[in-house]
Amino acid sequence: MSMTDLAQVVGRRWLAPLRRRIGGVPVGWLILFLAFADLMLAWPALDLMVAGWFYSPGEGFPALGQVWERFLYHSVEVLMLAGNLTLLAVWLWNRRTGRRLLGLTGRKLALLLCVLALLPGLLVNQILKEHWGRARPVQVQQFGGDRSFTPAFVYTGGSGGAFSSGHVAAAAYLIGVAHLLAGPRSRWVLLAAVYTALVGLARMAAGGHFLSDVITSVFLVLFGYSLLRRLFRFEEGTQTARDTGIEPP
């Protein structure tokens, strides 16, 4: 056995427990999220440090209002409206014609709409953002505001609106769309992940969210997508871009 083959065998053996799933969610993801939460609780100043990269004394957050920042901010709303209307239209077309454009079935559409409604819609925007109470970077005293900074995962009540990011949660939903319709190895998944990262960067640069707000939203949506995927009985690793008829860009 060559060293390459040995490394692959050892790697599979070590990674196998992390790939196991609890309610559809990979154990490795859960461990990573818990480690991230522990880090943010143990070192809350990390949020302030990262936010400080985008802050300029006397100017505030210069990226706020810039063309690129506004473009990314508003693009999420446009993609949510146009993208989901397109999905609905494709499903109606498939149902009417008997075709399988994008491989979109009624069950897949129902899964995606549940993910959108329950995760970005209900959990992030209606529960966490409305009731958690964490102040945004532009609101805290360290960056010229009048509110106190509170660590991530520490409930304060009120209406701060920072924890977690609704725009990033909506952008992360597109990762689930790409994963379900184009397959896990499709470049569409990579493009959706890059777009989500850019939206998160724009929200941090504008002083709208801390790093922990952004990363938490991504984790929440991916966890929710995995759980709902299990509930809708979609098996992992059985769908590819070729199966759906979609070629990656």
Side-chain angles (χ1 to χ4, degrees), residues 30 32-80 116-175 195-224:
L30 293 171
L32 188 60
F33 178 68
L34 291 174
F36 164 73
D38 284 342
L39 173 65
M40 300 311 302
L41 288 170
W43 188 22
L46 178 61
D47 264 338
L48 292 172
M49 182 182 74
V50 175
W53 297 345
F54 306 103
Y55 176 75
S56 178
E59 290 186 72
F61 291 86
L64 180 61
Q66 295 292 320
V67 173
W68 69 272
E69 183 270 330
R70 290 290 90 185
F71 172 79
L72 286 167
Y73 180 87
H74 291 295
S75 69
V76 176
E77 302 164 4
V78 173
L79 285 174
M80 288 302 101
L116 179 64
L118 295 177
L119 278 303
L122 179 62
L123 178 60
V124 174
N125 280 295
Q126 297 302 317
I127 297 179
L128 293 179
K129 285 176 64 65
E130 289 295 322
H131 303 289
W132 199 264
R134 190 185 197 194
R136 300 178 185 273
V138 294
Q139 297 173 322
V140 301
Q141 297 168 354
Q142 289 85 345
F143 303 118
D146 57 3
R147 297 190 58 177
S148 298
F149 167 78
T150 54
F153 308 106
V154 174
Y155 176 77
T156 60
S159 57
F163 190 82
S164 60
S165 172
H167 277 75
V168 173
Y173 158 75
L174 297 176
I175 300 176
Y195 174 71
T196 301
L198 290 174
V199 171
L201 176 65
R203 298 305 295 131
M204 290 189 293
H209 289 285
F210 291 103
L211 175 66
S212 56
D213 303 326
V214 168
I215 295 179
T216 298
S217 281
V218 175
F219 270 116
L220 290 177
V221 173
L222 295 183
F223 287 166

Taking the six-membered ring for Trp, are Phe143 and Phe61 ring centroids under 6.0 Å apart? yes
Walk me through whether Ile175 and Tyr195 qualify under side-chain contact (heavy atoms from CB on, under 4.5 Å). CA-CA 9 Å; Ile175 300 176; Tyr195 174 71; over 6 Å; no
Interatomic distance, Asp146 atom CG to Gln139 atom CD [nearest 0.5 angstrom]: 8.0 Å
Smallest heavy-atom separation, His209 atom then Gly161 atom, equals CE1-O, 3.7 Å
Determine the minimum heavy-atom distance between Pro62 and Gly60, stating which atoms define it. CD-O, 3.2 Å
Which distance, rounded to the nearest 0.5 Å, do you find between the CZ of Phe210 and the CZ of Arg134? 5.0 Å
Using a strict 4.0 Å threshold on nitrogen-to-oxygen distance, state whether Arg203 and Asp213 make a salt bridge. no
When you compare the side chain of Leu198 with that of Trp68, does any pair of heavy atoms fall below 4.5 Å? no
Test Val168 against Val76 for side-chain contact (heavy atoms from CB on, under 4.5 Å), laying out the working first. CA-CA 8 Å; Val168 173; Val76 176; over 6 Å; no
At what distance, to the nearest 0.5 angstrom, does CZ of Phe153 lie from OG1 of Thr216? 3.5 Å
Check Ala206 against Leu64 and note the closest heavy-atom contact, atom names and distance. CB-CD1, 3.7 Å
Just wondering, are more than 12 heavy atoms of other shown residues or ligands nearer than 6.0 Å to CZ in Phe71? no
Gap between atom NE2 of His131 and atom CD of Gln126 - 0.5 Å precision: 7.5 Å
Are the side chain of Asp47 and the backbone of Ser212 linked by a donor-acceptor contact shorter than 3.5 Å? yes
Just how far is it from atom CD of Glu69 to atom CE of Met204, taken to the nearest 0.5 Å? 12.5 Å
Atom OG1 in Thr150, atom CZ in Phe163: separation rounded to 0.5 Å? 9.5 Å
When every non-hydrogen atom of Ser148 is compared with those of Gln141, the smallest separation belongs to OG-NE2, 4.1 Å
Is atom CH2 of Trp43 surrounded by more than 12 heavy atoms (other residues, nucleotides or ligands) closer than 6.0 Å? no
Pairwise side-chain contact, Val221 with Ser217, heavy-atom cut-off 4.5 Å (strictly under): no
Would you say Thr156 and Arg147 are linked by a side-chain donor-acceptor pair, where the criterion is simply a distance under 3.5 Å? no
Audit row: Val124, Leu119, side-chain contact (heavy atoms from CB on, under 4.5 Å) steps and yes/no: CA-CA 6 Å; Val124 174; Leu119 278 303; 5.6 Å; no
N/O donor-acceptor pair under 3.5 Å between Arg136 side chain and Ala162 backbone: no
I'd like to know whether Ile127 forms a side-chain contact (heavy atoms from CB on, under 4.5 Å) with Leu122, so could you lay out the CA-CA distance, the side-chain angles of the two residues, the decisive distance to 0.1 Å, and finally the verdict. CA-CA 6 Å; Ile127 297 179; Leu122 179 62; 4.1 Å; yes
If every non-hydrogen atom of Ala51 is compared with every non-hydrogen atom of Pro137, which pair is closest and at what distance? CB-CB, 4.5 Å
